[in-house]
Number of protein chains: 2
Amino acid sequence: MSDFFVQKLRHGASLSEDDERALRALCMNVDKFDPQNDVTMEGDKPKSIKLVLEGWACRYKLLENGKRQIISLFLPGDMCEPYMTLPQFMDHSLGTLTPVTVARVSPEVIKAVARERPQIEKALWWDLLLAMAMGRESIVTLGRRSASERLGHLFCELHVRLDKVGLVDGLGYEMPLTQSNLGDLLGMSTVHVNRSLQELRAAGLVTMHGRRVTILNLEGLRSTSLFDPTYLQSYTQA
Amino acid sequence: MSDFFVQKLRHGASLSEDDERALRALCMNVDKFDPQNDVTMEGDKPKSIKLVLEGWACRYKLLENGKRQIISLFLPGDMCEPYMTLPQFMDHSLGTLTPVTVARVSPEVIKAVARERPQIEKALWWDLLLAMAMGRESIVTLGRRSASERLGHLFCELHVRLDKVGLVDGLGYEMPLTQSNLGDLLGMSTVHVNRSLQELRAAGLVTMHGRRVTILNLEGLRSTSLFDPTYLQSYTQA
DNA sequence: AAAATAACATAACATATGTTAAAGCCGTAT
DNA sequence: ATACGGCTTTAACATATGTTATGTTATTTT
């Protein structure tokens, strides 16, 4: 039973049994997608909010010169859009990185649930504000961090995010991104991703075998990557 | 009478006279700041939402290595935080770039107004979603655009944003950022800002004299900068 | 007017990152 | 088993951007 969505939102507000049932009831319309597929394309007029139940997806944009930038990652439990208002048309695309299960939720239904259940409204706002904080940190990363700092920072962020939905075991986690994906996400070339990954490995901070990331020295990785988890916590209630 | 806030929100929802009065009534508590000052510092526990009535401000973060990244610009009429929830503590700072007039608005008051006046709630959401769209575009800019593309893209975006609040005349607008500010905003060194500015000038696209930007060739600037204004419009209702 | 300050401009040089290409690796399908 | 395709790794080289330093210009202060 994939319950990542509820598991995530518990961090944003304390939910009753009824709240959790109401959240699960939102996830009735489910679609499955293969890797590297578009869930929603730029220009589409979306009719539903997308919710990633399982697998990894992303928000991305293609430039006219052919370059691609991944704007944000969606991990299991992540919502792709704020619950209140859908755009007239998408200014970006949503695509899968692995096999993905998506729930399509009608904005009217989710708005009604939020109106009736204050804790759910609170949790949805928390989710939105957290996504915004992560977006701000991405700007800092892309503007002012070096290539290996970017990679290290990403691994630290994923460690925190995946831990919130129970997908970290011991020192590591499954990380299904290719080096080309990492390049599109961190604004660098595939070759340089490879080089920088080797730097981190040589420094004894992280290793990647296959799809698995193992953090060998969390404190070291955090400090060399200038990772300060504050931005992931500043909206979390005491 | 500086009315930029109302003028901006009109683009997000059609507001009645009463709506506009209610918005103006929010702007009672006003502070003035000198240039290069902090309105709110990282770590602060904010008690009010900040609204830039006049002047230019920004959201920024300082890294441990001393580097600074400006995350977003606030132009006259811009709100610095979403109306619904304030953070437990700031994960970034808000600072002025010019002399700035700020209104401090209590979240309870603004929430109450939004609840009673659906068009205001709609406009506030529109404002938030627009800010998010601009944040996404910043990620694309920092990740995948060259230095001169970044500058050109910024000038195009400012042209659209300032036009919405009546601050564009003819071909240009007042742009009070120093080259060092531009570097912090676009993730590049001051020297390289200067170089890239000269490229744009040499290409006959833009000039800067003093604090004034003049766009000589809007179509040319937009296409060389890969500027597509879609992201500024996708939440605007028909 | 002189001095102080901030911003802008230019140059020479260092370095991080991009580009292209080829080789090795590994899982999957035939 | 073989071949194929995607991913990773490595190398050599090109280039964009950063760094440091100094000069220039404008603006304010005294």
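Keep in mind that what you see is a predicted model, and the values were worked out from it rather than measured. The sequence lines fix the lettering, A, B, ..., with proteins before strands; numbering per chain opens at 1.
Looking at which nucleotide of DNA chain C each of Arg195(A) and Leu197(B) is closest to, the 5′-most match is held by Leu197(B). When each of Arg144(A) and Ser180(A) is assigned the nucleotide of DNA chain D bearing its nearest heavy atom, the one mapping closer to the 5' terminus is Ser180(A).
Atom pair Met188(A):CE and dT15(D):P shows a separation of 21 Å (rounding to whole Å applied). Distance CG (Leu186(A)) to C1' (dT17(C)): 14 Å, rounded to an integer number of Å. Following rounding to the nearest Å, Leu182(A) (CG) and dT9(D) (C1') show an atom-to-atom distance of 15 Å. Remark: C1' of dT17(C) and CD of Glu149(A) are 14 Å apart, rounded to the nearest angstrom. Atoms NE2 (His209(B)) and P (dT25(D)) sit 16 Å apart, rounded to a whole Å. Rounded to whole Å, the distance from CG on Leu177(B) to P on dA7(C) is 12 Å. Regarding Arg145(A), its CZ atom lies at a distance of 16 Å from the P atom of dG18(D), rounded to whole Å. Protein atom CG of Leu151(B) is 10 Å distant from nucleotide atom P of dT17(D), rounded to whole Å.
At the phosphate of dC8(C), neither OP1 nor OP2 sits under 4.0 Å from any side-chain N or O atom of Asn194(B). Side-chain N/O atoms of Arg211(A) include none lying less than 4.0 angstrom from OP1 or OP2 on dT8(D). One finds no side-chain N or O of Gln36(A) lying less than 4.0 angstrom from the OP1 or OP2 phosphate oxygen of dG6(D). Proximity of Gln198(A) to the phosphate of dT8(D): no side-chain N or O atom is located under 4.0 Å from OP1 or OP2.
The side chain of His192(B) sits closest to dG18(D) out of dA11(C), dG18(D), dT17(C). Nearest nucleotide to the Gln179(A) side chain, out of dT8(D), dG18(C), dC8(C): dT8(D).
Residues Leu158(B) and Leu75(B) approach most closely at CD2-CD1, 4.0 Å, considering heavy atoms. What you find for Met188(B) and Ser196(B) is that their closest heavy atoms are CE-OG, 3.7 Å. Listed here is the closest heavy atom pair of Met90(A) and Pro46(A): SD-CG, 3.9 Å.
Gly183(A) comes within 4.0 angstrom of nothing in the nucleic acid, heavy atoms only. Gly187(A) comes within 4.0 angstrom of sugar-phosphate atoms only, judged by non-hydrogen atoms across all strands, and of no base. Using a 4.0 Å heavy-atom criterion, one finds that Ser146(B) contacts the sugar-phosphate atoms exclusively. Using a 4.0 Å heavy-atom distance criterion, Thr190(A) is classed as making no nucleic acid contact. Counting any heavy atom pair closer than 4.0 Å across all strands shown, Arg201(A) reaches sugar-phosphate atoms only and no base atom. Among the heavy atoms of the strands lying under 4.0 Å from Thr178(B) are primed sugar atoms or P, OP1, OP2 only; no base atom is included.
Note: Tyr231(A) and His153(A) have parallel aromatic rings, judged against thresholds of 30 and 60 degrees for the angle between ring planes.
Side-chain atoms of Lys50(A) and Glu81(A), non-hydrogen and from C-beta on, never get closer than 4.5 Å to each other.
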**Q.** Check against salt bridge (charged side-chain N to carboxylate O under 4.0 Å, His left out), Arg212(B) and Asp169(B)
**A.** CA-CA 11 Å; Arg212(B) 188 174 178 77; Asp169(B) 59 281; 2.9 Å; yes
